[in-house]
Amino acid sequence: MSRILIIVGLVIVAVGILWPWLTRIGLGRLPGDILIQRENFTIYVPITTGLLFGIVLSAILWFLNR
């Protein structure tokens with residue numbers, strides 16, 4: 001269990017570090033991500049991006065457990 005938590009933490013750190021480059025290729029602005037901008041606030045709900053990250057992370061963890 002501790003190995004999985006360490007790997008998940010490292011993946012989150014890597015995504016955080018690589019985020020400026022990932023947004024340049026369009027990740028984070030996929031169709032299905034909701035962006036509402038008004039005068040006083042902005043709401044961003046990355047539904048498709050979250051699903052994509054979830055699928056990729058699940059595949060990585062599945063391969064590591066085999």
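For reference, positions follow the sequence shown, starting with 1.
Annotation: side chain to side chain donor-acceptor pair (under 3.5 Å) contacts involving residues 51-60, sequence neighbours excluded, are absent. Within the structure, side chain to side chain donor-acceptor pair (under 3.5 Å) pairs that include any residue of residues 28-41 comprise Asp33-Tyr44, Asp33-Thr49 (at least two apart or interchain).
One hydrophobic cluster, built from ILVMFWY side chains closer than 4.5 Å, holds both Leu30 and Trp21.
When hydrophobic side chains of Ile, Leu, Val, Met, Phe, Trp and Tyr are connected at separations under 4.5 Å, Ile47 ends up clustered with Ile34, Ile36, Phe41, Ile43, Val45, Leu51.
Looking only at side-chain heavy atoms (C-beta outward), Leu52 and Thr48 stay at 4.5 Å or farther from each other.
Atoms CG and CD1, from Leu57 and Ile12 in turn, are 8.0 Å apart once rounded to the nearest 0.5 Å.
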Side-chain atoms of residues 59-66: list all donor-acceptor pairs with protein atoms under 3.5 Å, sequence neighbours left out, distances to 0.1 Å.
from	atom 1	to	atom 2	distance (Å)
Asn65	ND2	Leu61	O	3.4

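Screening Val8, Ile7, Ile6 against Leu10 for a side-chain contact (heavy atoms from CB on, under 4.5 Å) leaves a single residue, Ile6.
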